[in-house]
Amino acid sequence: MCGRARCTLASHEVAQACGFPANVRSVDSERYRPSYNVAPGSYLPVVHYESKESSKEPVVHCMKWGLVPSFTKKGTKPDHYRMFNARSESVRQKSSFSRLLSKHRCLVSAEGFYEWKKDGAKKQPYYLHFEDGHPLVFAALYDCWENSEGESLYTFTILTTRSSQHVEWLHDRMPVILDNAESIHAWIDQELAELEFQKLLRPYEGHDLVWYPVTPAMGKPSFDGPQCVEELKPKSSSKSLMSQLFSKAKSEKSDSESTDIHSFLRDGSTSKVLSSADYSEAALSEEEKKAVAAGMEPDEEKPKEVLSNHGDREHDSKVRNSFGMQLPQKHSLGESCAKSSSQDTKEDKVRSEIKRRKTTDSLKSTKGDDLICKDHQKTLLTFFHKQ
DNA sequence: CCAGACGTTGTT
DNA sequence: GTCTGG
DNA sequence: CCAGACGTTGTT
DNA sequence: GTCTGG
């Protein structure tokens, strides 16, 4: 998921982050306010191609985060918080998004984004970013809506995916990150083929995407500034770490599975692998030192939580299984398609629906079979055959 | 055919 | 605009 | 996404 | 808990 971000880049830097020259044409750039705490409803520079006669030109277009579909009734107040994300697994099945897939793909760039993790009763925000600080590029879709005053409002939504193994500890979903020129190019420019589509819309697995906790004050949308991304030093990260080591060592007696030393040393509150200095005795409070000396666990509660969050196989497979990307194949209506009924693709559904309607409609209509079929066939001629 | 909806989180 | 439900 | 409010009466 | 505002 991705509902808050840092974008303090200049418009031209956004263009550059997407692989374009700094001098690409910009539209409405004066609406953009760089911010460490961008929420849906605010403007961000978005990169997309604008088709001119027989040619296309890249533009940095300032749009509002939070999709307002073009068919939104005039006079209604636009709601940017309803569709600020689009699940990539179901984006083709959702009518609000599928219509944008062929011609309304765009890129959003930001230095980082925030995720909240429930830590008992508290919600702790974390800042995610590339280790070396270079901007992220997200896959996005945009649309244009005309309000009652006849003004055009451009909005976008960021695609999400299940999280990579690495990030799963923090959150089960993450934005689709395009990390190289080819992916970026493929998303924004080329005709998207099925395989390409699947290849792009998956979790970013690189370990150069890192995170650390930040001040809960940034939860307030009005809170802005570099403070948002200042690393919050946990008051006693050694506490959870020590108990993590204890309980891990304990459980290992009954667990023959081999273990990675890094999983010991990884404190989930940051993505960094901690050095020995981070869990030295000196880092312990007096209270904890006594407990350690007495051979007791400083904290019995927390470690279980931590371990179950990135070691639990049942949980892991549950999350993985929830990723059911079902993509219809490119083919005509007449083609036969042998597929298991349990894994019906969208096209299977459409085909059976057409079949059903063809029979039911022909009973109550004077229209010829072919015409009726044509009517429903339109639903198949979508996505990538349009342009 | 027409009418009506069209979304994401997370949590249970 | 496109899909689902009736 | 998170934060913050969440109501009624009557009077001005 | 649920709705509204940013």
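Residue numbering restarts at 1 for every chain, and letters A, B, ... go by the order of the sequence lines. Heavy atoms only: backbone and side chains are in, while hydrogens, waters and symmetry mates are out.
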Q) Can you give the dot-bracket line for DNA chain D, where a pair is Watson-Crick or G-U wobble with both atom distances under 3.5 Å, crossing pairs use [ ], and | marks a partner on another strand? A) ||||||......

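- Of the listed nucleotides (B:dT11, B:dT8, D:dC1), D:dC1 has the atom at the smallest distance from the side chain of A:R4.
- With centroids closer than 5.5 Å and planes inclined by less than 30 degrees as the test, A:Y81 and the base of E:dG6 pass as a stacked pair.
- The minimum heavy-atom distance linking A:A86 with A:F97 is given by the pair CB-CE1, 3.5 Å.
- Rounding to whole angstrom units, CG of residue A:L100 and C1' of C:dT2 are separated by 11 Å.
- With B:dG7, E:dG6, D:dC1 as the choices, the nucleotide that has an atom nearest any side-chain atom of A:P221 turns out to be E:dG6.
- B:dG7 has no stacking from A:F97 on its base ring, since the centres under 5.5 angstrom apart and planes within 30 degrees of parallel are not both found.
- Applying the salt bridge (Lys or Arg N to Asp or Glu O under 4.0 Å) test to A:E50 and every residue at least two apart in sequence or in another chain returns A:R25.
- Among the protein residues, A:G219 comes within range of the sugar-phosphate backbone only, with heavy atoms under 4.0 Å from sugar or phosphate atoms but none that close to a base.
- To the nearest angstrom, P of B:dT11 lies 8 Å from CG of A:D172.
- Going from atom CZ of A:R162 over to atom C1' of B:dT9 covers 18 Å, rounded to whole Å.
- Between E:dC3 and B:dC6, the two P atoms lie 16 Å apart (nearest whole Å).
- Rounded to an integer number of Å, the gap from A:R99 CZ to C:dG1 C1' is 5 Å.
- Looking at every heavy atom in both residues, A:C228 comes nearest to A:Y114 through CB-OH, 3.4 Å.
- Listed candidates were B:dT8, E:dG5, C:dG1. Nearest to the side chain of A:F71 is C:dG1.
- Here the P atom of nucleotide D:dC1 and the CG atom of A:L128 are 16 Å apart, to the nearest Å.
- As rounded to whole Å, 11 Å separates atom P of D:dC1 from atom CZ of A:R87.
- Summarising the geometry, the separation between CZ on A:F223 and P on E:dG5 is reported as 24 Å, rounded to the nearest angstrom.
- For the pair A:R92 and A:F197, the cation sits on the ring face: its NZ or CZ lies under 6.0 Å from the ring centre, inside 45° of the axis.
- Within the 4.0 Å cut-off from OP1 or OP2 of E:dG5, at least one side-chain nitrogen or oxygen of A:K77 is found.
- Residues A:S95 and A:M1 both approach DNA chain B. Their nearest nucleotides, taken by heavy-atom distance, put A:S95 toward the 5′ side.
- Under 4.0 angstrom from either OP1 or OP2 of B:dT11 there lies at least one side-chain N or O belonging to A:K118.
- Comparing E:dG1 with B:dT11, their C1' atoms sit 13 Å apart, to the nearest whole Å.
- For the residue pair A:T8 and A:E111, a side-chain donor N or O sits within less than 3.5 Å of a side-chain acceptor on the partner.
- No contact: A:K73 has no heavy atom under 4.0 Å from any strand.
- Taking the P atom of each, D:dC1 and B:dT8 are spaced 12 Å apart, rounded to whole Å.
- Both A:L159 and A:I184 sit in one connected hydrophobic cluster of ILVMFWY residues. Membership requires side-chain heavy atoms under 4.5 Å apart, directly or through other members.
- Residue A:K123 has its side chain nearest to D:dC2 when only D:dC2, D:dC1, B:dG7 are considered.
- Of the candidates B:dG7, B:dT8, D:dA3, the closest approach to any side-chain atom of A:T160 belongs to B:dT8.
- Judged purely by distance below 3.5 Å, without hydrogens or angles, the side chains of A:H48 and A:Y142 pair a donor atom with an acceptor atom.
- A:E182 has no carboxylate O lying under 4.0 Å from a charged side-chain N of A:K199, or vice versa, which leaves the two without a salt bridge.
- Between A:Y204 and A:F130, the ring center distance clears the sub-6.0 Å criterion.
- A straight line from CZ of A:F113 to C1' of B:dT9 spans 15 Å, rounded to a whole angstrom.
- Contact annotation: A:K220 reaches the phosphate of D:dG4 (side-chain N/O to OP1 or OP2, under 4.0 Å).
- B:dT9 and D:dC2 are spaced 12 Å apart, taking the C1' atom of each and rounding to whole Å.
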